[in-house]
Amino acid sequence: MQLYNTITRKKEEFRPLNPPKVTMYMCGPTVYDYFHIGNARSFIMSDILRRYLQFKGYQVKFVMNLTDIEDRIIKKSIDANKSADEIAGLYSDAFFEDIKKLRVREADLYPKATLHVQEMIELIKDLEKNGSAYNVDGDVFYDVKKFSGYGKLSGKKLDELEAGARVDVNEIKHNPLDFALWKKAKPGEPSWDSPWGKGRPGWHIECSAMSTKHLGETIDIHAGGNDLIFPHHENEIAQSEGVFKKQFVQYWIHFGFLNIQNEKISKSLGNFFTARDVLARHSAESVRLFFSQTHYGGPLNFSDELLTSAQKGVDKIINLAERIEQLLLLDNENGNVPSFNIQNFLTEFEKVMDDDLNTPQAVAVIFDFVRSANKIIDENEKLSKKSLIEMKSFLQKTAEEVLGIVHFDELKKNNQPSLEEDLLKLLVDLRETLKLEKNYKLSDEIRNRLNSLGIILADSKTGATIKRK
RNA sequence: GGCGCUGUACCUAAGUGGCUUAAGGGGAAGGUCUGCAAAACCUUUAUUCGUCGGUUCGAAUCCGACCGGCGCCUCCA
């Protein structure tokens, strides 16, 4: 499998350190607000990467941090007159609700920054000890000049950065590019005791501390949004490699931005949708298919219209899935076994996904399959159970397990016995009789009125099938 | 100024030297099936890949110039 590695700017063969184990770290949310649809893209694409690695047989340990202490949380807590903990708790809960709705599978671990302050202090102490960090009256900074590899991820050179650096108001730093490892507490702010006095950790140190603690000193994959490349991930490298003197991350994966009308999502432009807003109007499956139809690394425009057309695609897959499920109920042990080489589709799916997670092509393979499967169902009066199970299995492995765009156990079933079902059956049977008598006026009225109740009747040679909206 | 991404049909988006005289989804048009409708299926919808040159037996794919769009360069995924 090939993955594009940001640090080498090349596609590389993926070779985890200890196969079949894979360690994967994803920069999670700062829990100061609901996350937006652009964040959702990163969460979903990292989920698909993780699921695909599992599809390939890897045992993935997937860790996503929660930043629950940070400037914006403190600001919000002051504005809302609540404690920082309350704010963080509120939006952590919202985060978990939203990713669950988006069908992002639970990580193995969601470490919180506030529960790893001690580990961060240890790292900062080590950096201070080996001369990479300096303390200015309770604020501790990383001295970027002490790390020769600084800039290797983002492709920036230290002197160019310095030349382009904007004037920094913080004159206590030795160099404008130095970044905070430890921030001295201001009155009223949450703080922890440390060798440098009361304060709180800087933003970058948490990821170094937590990924090392839970995944080791060198991890296989570190993922996040494009904008984290600089300075966040650059600084993580400086911190971790500055202490452990070994490679921090093997493969850096970065997700492209989601734009609205070709512009970056931002609150000031007012083009800001939270994931919850979007989920109120669209299904998680349509969101996931929409993201899958573009390569993860490139930019992507978002609009309601595009999600609506993605939903049509989802419906197409669901329609086939329901068709298969209904035929499976018929129990045709001796049906036809058409020549339909499903293995070819699976091979193709894996081939394109192996190429740096080419989900647009993978989706194309699934739709090619859908067309072929529908055709075969149309052409065969009776299909063997074996054939149907193979079709179902293909969709489960690809569309369900990897992409998460269809869910077989949630298909609307209509075979549970109930009075409502029996009455519906009665109506359908009566309508069949009316149709035989060519009383189309009344039979159409029944169909229309059921339709307005959310029940869709579709006539076929073998009788009407019932679907619900 | 530095670094990076990007320009493919009505919308969207793969493809980065011959397997594709350009996938897939949406939309549109015609057809099959049906009493009709829906679904499904079939056909059609880019001789062309921002523009102009060049390299090559061969280019959307490589090189050059030019014209657009976007992002990063202060804690924003």
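Owing to the predicted nature of the structure, the values given are computational and were not obtained by experimental measurement. Chain naming here is simple, since letters A, B, ... match the order of the sequence lines and numbering starts at 1 in each.
For A:Lys183 against B:C75, a side-chain N or O and a base N or O form a donor-acceptor pair under 3.5 Å. Checked by distance alone, A:Arg447 brings a side-chain donor or acceptor within 3.5 Å of a matching partner on the base of B:C36. Taking only distance into account, the side chain of A:Asn235 never meets the base of B:C75 through a donor-acceptor pair shorter than 3.5 Å. The base of B:G35 is paired with the side chain of A:Asp444 by a donor and an acceptor separated by under 3.5 Å.
Salt-bridge annotation for A:Lys75 and A:Asp79: present, with a side-chain N of the basic residue lying under 4.0 Å from a carboxylate O of the acidic one.
Closest approach of A:Arg103 and A:Arg288 over heavy atoms only: O-NH1, 2.8 Å. Between A:Val402 and A:Lys397, the closest heavy-atom pair is CG2-O, 3.4 Å.
If you take atom P in B:G54 and the same atom in B:U12, they sit 32 Å apart, rounded to whole Å. Nucleotides B:A59 and B:G64, compared at atom C1', are 15 Å apart to the nearest Å. Straight-line distance between the C1' atoms of B:U44 and B:C10: roughly 15 Å, to the nearest whole Å. Across the C1' atoms, B:C67 and B:G53 are found 15 Å apart, a figure rounded to whole Å.
Ring-to-base geometry places A:Tyr440 in a stacked arrangement with B:G35 (centre distance under 5.5 Å, plane angle under 30°).
OP1 or OP2 of B:G26 lies within a sub-4.0 Å distance of a side-chain N or O belonging to A:Lys316.
Between the A:His174 side chain and the A:Phe141 main chain, no donor and acceptor come within less than 3.5 Å of each other.
Within the nucleic acid shown, A:Pro231 comes within 4.0 Å of sugar-phosphate atoms alone, with no base atom in reach, counting heavy atoms only.
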